[in-house]
Engineer: 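Dumping the structure here so I can ask a few things about it.
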Amino acid sequence: MMRNLGFIVFRTPPEAPAPDSCLMAMIRTAPTLRHFDPEAMSFWITSEGRGRIETIDRSLKTPYRRALSWGRIRIADRLGARNSFVTFGGVVTGEPISRDALLVVCRSPAPILRLPGHSQREDRLAEEVLAFFGRVTPMLWRPEVQRTTSEASPLALFAAFLTHTTARLGRSVELRDALASDAPVVHHELARLTSQRPGEVAGGRELLEALGLTSRV
């Protein structure tokens, strides 16, 4: 699949034991010139209780595996062109496929959404997720809140986003108009999580309370 591609985002089949969202990128020694050719990937991780950006390239020591934090993922080519994504967290791994190719896989039980970029279209709700994280970030100055947020599972963060957005849609006619085509997706995903993973939805509500965002919707 990756022979002629630089990256791809996809959802594993729903019937899989644990359906996930995946972002796969191939970092090669020499560009193929057939597709976007990633040379580096950057993403957020949690280190010693604090978030920081990790950047990997062909010099990565493999095998590589670590927890992926919520926020942006960026891949850049040799010319500085970039494609960006937003994630609720998961796991990132890296392994050599050949002497001149490194396969990096970001995997999450929550959606990995495409942002506007060099060679891709934006996914629905991607900008709303970024806006939600923009509301979360100022609350992280308190160490206990930062710790609670960093320890939240990707699905709990996703549930927090859906719960927060649902409440905002209920209060704002302007937002309902702006997200008219996306609101059904928000309601459907929240109902699905509530039915299938009620513990994650409860965790999302607890996280909103810890962040002080319950009263800001």
Side-chain angles (χ1 to χ4, degrees), residues 1-10 20-123 126-127 129-134 136-141 143 146-147 149-154 157-158 161:
M1 181 170 61
M2 298 299 293
R3 182 176 299 170
N4 296 312
L5 294 177
F7 71 92
I8 188 170
V9 182
F10 62 94
D20 287 340
S21 294
C22 294
L23 163 63
M24 298 173 62
M26 192 74 84
I27 301 178
R28 298 178 172 88
T29 301
T32 66
L33 305 180
R34 294 192 296 268
H35 188 250
F36 185 88
D37 289 297
E39 290 207 343
M41 176 186 284
S42 61
F43 46 86
W44 285 91
I45 63 171
T46 300
S47 178
E48 298 180 351
R50 292 178 174 271
R52 70 171 178 85
I53 293 179
E54 174 103 327
T55 300
I56 60 178
D57 55 23
R58 278 286 301 142
S59 66
L60 181 71
K61 292 182 179 180
T62 57
Y64 175 89
R65 180 184 178 90
R66 71 174 307 157
L68 171 69
S69 188
W70 54 271
R72 282 183 186 263
I73 303 172
R74 291 186 174 95
I75 55 176
D77 72 0
R78 68 195 184 286
L79 302 176
R82 297 189 303 185
N83 284 291
S84 298
F85 313 83
V86 61
T87 178
F88 293 91
V91 175
V92 57
T93 59
E95 61 177 317
I97 298 301
S98 67
R99 288 183 298 176
D100 62 353
L102 171 71
L103 178 65
V104 181
V105 180
C106 299
R107 188 162 184 149
S108 175
I112 297 176
L113 302 174
R114 298 171 297 180
L115 292 162
H118 176 269
S119 51
Q120 66 183 12
R121 292 183 177 180
E122 178 184 8
D123 279 322
E127 293 288 355
V129 173
L130 274 187
F132 172 70
F133 287 154
V136 169
T137 301
M139 309 301 170
L140 302 182
W141 63 272
Q146 187 172 97
R147 183 172 58 254
T149 305
S150 67
E151 292 175 352
S153 71
L157 272 168
F158 184 39
F161 161 73

Engineer: Quick test of your reading: applying ring-ring contact (aromatic ring centres under 6.0 Å, His included), list the pairs with at least one residue in residues 96-115, sequence neighbours left out, ordered by first then second residue.
Structural biologist: none
Engineer: With Asp123, which residues qualify under salt bridge (Lys or Arg N to Asp or Glu O under 4.0 Å), at least two apart?
Structural biologist: Arg114
Engineer: So do the side chains of Val104 and Tyr64 get within less than 4.5 Å of each other, counting heavy atoms only?
Structural biologist: no
Engineer: Atom CG in Leu140, atom OG1 in Thr149: separation rounded to 0.5 Å?
Structural biologist: 5.0 Å
Engineer: Listed by chain and number, what are the side-chain hydrogen bond (donor to acceptor under 3.5 Å, both in side chains) partners of Thr29, not counting sequence neighbours?
Structural biologist: Arg58
Engineer: Do the ring planes of Phe7 and Phe85 sit parallel (below 30°), tilted (30 to 60°) or perpendicular (above 60°)?
Structural biologist: perpendicular
Engineer: Go through the structure and list residues passing side chain to side chain contact (heavy atoms under 4.5 Å, CB included) with Glu122, not counting sequence neighbours.
Structural biologist: Pro116, Ala126, Glu127
Engineer: Taking side chain to side chain contact (heavy atoms under 4.5 Å, CB included) as the definition, give me every residue that meets it alongside Ser59, ordered by chain and number, with sequence neighbours left out.
Structural biologist: Asp57
Engineer: Arg28 versus Asp100: any side-chain heavy-atom pair under 4.5 Å?
Structural biologist: no
Engineer: Let me confirm one number: the CD1-CZ distance from Ile45 to Arg50, rounded to the nearest 0.5 Å.
Structural biologist: 14.0 Å
Engineer: Considering non-hydrogen atoms only, spot the tightest contact between Pro38 and Gly6 and give its length.
Structural biologist: CG-O, 3.4 Å
Engineer: Using a 6.0 Å cut-off, check whether atom CZ of Arg65 has over 12 heavy atoms from anything other than its own residue.
Structural biologist: no
Engineer: I'd like to check the side chain to side chain contact (heavy atoms under 4.5 Å, CB included) partners of Ile53; sequence neighbours left out, ordered by chain and number.
Structural biologist: Ser42, Trp44, Thr55
Engineer: Specify the closest pair of heavy atoms between Gly89 and Ser108, including all atoms of both residues, with the distance to one decimal.
Structural biologist: O-OG, 2.5 Å
Engineer: Determine the minimum heavy-atom distance between Leu60 and Gly94, stating which atoms define it.
Structural biologist: CD2-CA, 4.4 Å
Engineer: Locate the shortest heavy-atom distance separating Leu157 from Ala152; write the atom from each residue and the value.
Structural biologist: CG-CB, 4.3 Å
Engineer: Quick one: CD1 on Ile27 to CD on Glu39, what's the gap to the nearest 0.5 Å?
Structural biologist: 9.0 Å
Engineer: For a quick test of reading the model, state the closest non-hydrogen atom pair linking Pro111 to Ser21 and the distance between them.
Structural biologist: CA-OG, 3.4 Å
Engineer: Return the CD1 to CG distance between Ile112 and Leu68, rounded to the nearest 0.5 Å.
Structural biologist: 7.0 Å
Engineer: According to side chain to side chain donor-acceptor pair (under 3.5 Å), does anything in residues 67-81 pair up with another residue at least two apart or in another chain? List the pairs.
Structural biologist: none
Engineer: Taking atom CZ of Arg82 and atom CE of Met41, what is their separation to the nearest 0.5 Å?
Structural biologist: 13.5 Å
Engineer: Taking side chain as C-beta onward, heavy atoms only, is Met26 less than 4.5 Å from Leu5?
Structural biologist: no
Engineer: Among residues at least two apart in sequence or on other chains, which ones pass side chain to side chain contact (heavy atoms under 4.5 Å, CB included) with Ser150?
Structural biologist: Thr46
Engineer: Taking only residues two or more places apart in sequence or in another chain, which ones pass salt bridge (Lys or Arg N to Asp or Glu O under 4.0 Å) with Arg52?
Structural biologist: Glu54
Engineer: From Thr87 OG1 over to Phe158 CZ, what is the distance, rounded to the nearest 0.5 angstrom?
Structural biologist: 11.0 Å
Engineer: Provide the closest heavy-atom pair for Ala81 versus Phe36 in the form atom of the first, atom of the second, distance.
Structural biologist: O-CZ, 3.4 Å
Engineer: Classify the angle between the aromatic ring planes of Phe161 and Phe132 as parallel (below 30°), tilted (30 to 60°) or perpendicular (above 60°).
Structural biologist: perpendicular
Engineer: Just jot down the ring-ring contact (aromatic ring centres under 6.0 Å, His included) partners of Phe43, sequence neighbours excluded, or say none.
Structural biologist: none
